[in-house]
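As structure tokens, the structure follows; a few thoughts come after it.
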Amino acid sequence: MIEIQKTQNNLTDIDLSILKAAIEATLGRLNQSDVDVTLRLTDDQEMRELNHRYRGIDQTTDVLSFYEGFTDPETGRHYLGDIVISVDKVQQQAPENHHTIEEECAFLAIHGTLHLLGFDHDEPERKAEMWDLQEKLFADLLINFKEKPE
């Protein structure tokens, strides 16, 4: 199950179905479809607080992932973790990346999910592997999502 949380009322115009599809596609590609993930859409203020508290970096960022990796005693399902996306950052980056707001959020959801699954970009080889996979997942998502009937 994928739970999506929004911290601001002004996020109602974001199509959440593409974000859920991005996470599901990433999990499915890596044979992890039977897990739970929470995606939180927030603002730069909360993102800066989280980045400072958990990474010691006193500035905002676009996406953070928090691996949990436990079995939920209530559901018996594996809880993979949390992804947090700053919509303020998304609104800034989307035009730079030639994406819509939803596309940029979806791209970051893919990126965050890959982090939850153990991918990282701390070394050139690992970065190349992660970047290649996220680009393929994103391209497939756009193709599949745009083919859906309205």
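No hydrogens, no waters, no symmetry mates; every other heavy atom, side chains included, goes into these values.
A distance of 11.0 Å separates OG1 in Thr61 from CG in Leu50, rounded to the nearest 0.5 Å. In this structure, CZ on Arg29 lies 6.5 Å from CG on Leu133, to the nearest 0.5 angstrom. Lys20 NZ to Asp15 CG: the interatomic distance, rounded to the nearest 0.5 Å, is 12.0 Å. We find the CD-CG distance between Glu68 and Asp36 to be 12.0 Å, quoted to the nearest 0.5 Å. Distance check, rounded to the nearest 0.5 Å: CZ of Arg126 to CG of Asp120 gives 5.0 Å. Atom-to-atom distance recorded for Leu141:CG and Lys136:NZ is 16.0 Å, nearest 0.5 angstrom.
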I would like to know whether Thr71 and Arg77 meet side chain to side chain contact (heavy atoms under 4.5 Å, CB included); could you show each step before the answer? CA-CA 5 Å; Thr71 300; Arg77 291 176 53 88; over 6 Å; no
For a side chain to side chain contact (heavy atoms under 4.5 Å, CB included) check, start with the C-alpha distance between Leu108 and Gln93, then their side-chain angles and the critical distance, and finish with the verdict. CA-CA 11 Å; Leu108 293 173; Gln93 291 177 177; 4.2 Å; yes
Does His115 form a side chain to side chain contact (heavy atoms under 4.5 Å, CB included) with Met130? I'd like the steps, not just the answer. CA-CA 9 Å; His115 274 304; Met130 184 176 180; 3.6 Å; yes
Derivation of the side chain to side chain contact (heavy atoms under 4.5 Å, CB included) call for Leu27 and Val37: CA-CA 10 Å; Leu27 293 171; Val37 172; 4.2 Å; yes
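Val87 is listed as a side-chain neighbour of Gln91, based on a closest heavy-atom distance under 4.5 Å. In this structure, the side chains of His78 and Asp34 stay at 4.5 Å or more apart for every pair of heavy atoms. Side-chain contact check for Phe107 versus Asn97: every heavy-atom pair is 4.5 Å or farther apart.
Checked against side-chain hydrogen bond (donor to acceptor under 3.5 Å, both in side chains), Lys127 has no partners two or more places apart in sequence or in another chain.
No path of Ile, Leu, Val, Met, Phe, Trp and Tyr side chains, each step under 4.5 Å between heavy atoms, connects Val84 with Ile2, placing them in separate hydrophobic clusters. No chain of hydrophobic side-chain contacts below 4.5 Å, direct or via other Ile, Leu, Val, Met, Phe, Trp or Tyr residues, connects Leu64 to Leu114. Side-chain heavy atoms closer than 4.5 Å link hydrophobic residues (I, L, V, M, F, W, Y) into clusters, and following such links, even through other members, never connects Leu39 to Met1. At a threshold of 4.5 Å between side-chain heavy atoms, the hydrophobic network of Ile, Leu, Val, Met, Phe, Trp and Tyr places Ile83 and Ile57 in two separate groups. Using a 4.5 Å cut-off between side-chain heavy atoms of Ile, Leu, Val, Met, Phe, Trp and Tyr, with links allowed through other members, Phe66 and Leu116 fall into different hydrophobic clusters.
A donor-acceptor pair is defined here as one N or O able to donate and one able to accept, closer than 3.5 Å; no such pair exists between the side chain of Ser33 and the backbone of Gly28. Between the side chain of Asp43 and the backbone N or O of Glu46 there is at least one donor-acceptor pair closer than 3.5 Å.
A salt bridge is absent between Arg40 and Asp82: the closest approach of a Lys/Arg side-chain nitrogen to an acidic carboxylate oxygen does not fall below 4.0 angstrom. In this structure, Glu104 does not pair ionically with Lys89, as no charged nitrogen and carboxylate oxygen lie closer than 4.0 Å.
Nearest heavy atoms, Cys105 versus Ile85: O-CD1, 3.5 Å. Residues Ala106 and Leu19 come closest through the heavy atom pair N-CD2, 3.3 Å.
Counting only N and O atoms by type, the side chains of Gln59 and Asn51 include no donor and acceptor under 3.5 Å apart. A donor-acceptor contact closer than 3.5 angstrom is absent between the side chains of Ser86 and Asp62.
Within the 6.0 Å centre-distance limit, the rings of Phe138 and His99 are counted as a close aromatic pair.
Classified by interplanar angle (parallel below 30°, tilted 30° to 60°, perpendicular above 60°), the ring pair His121/Trp131 is perpendicular.
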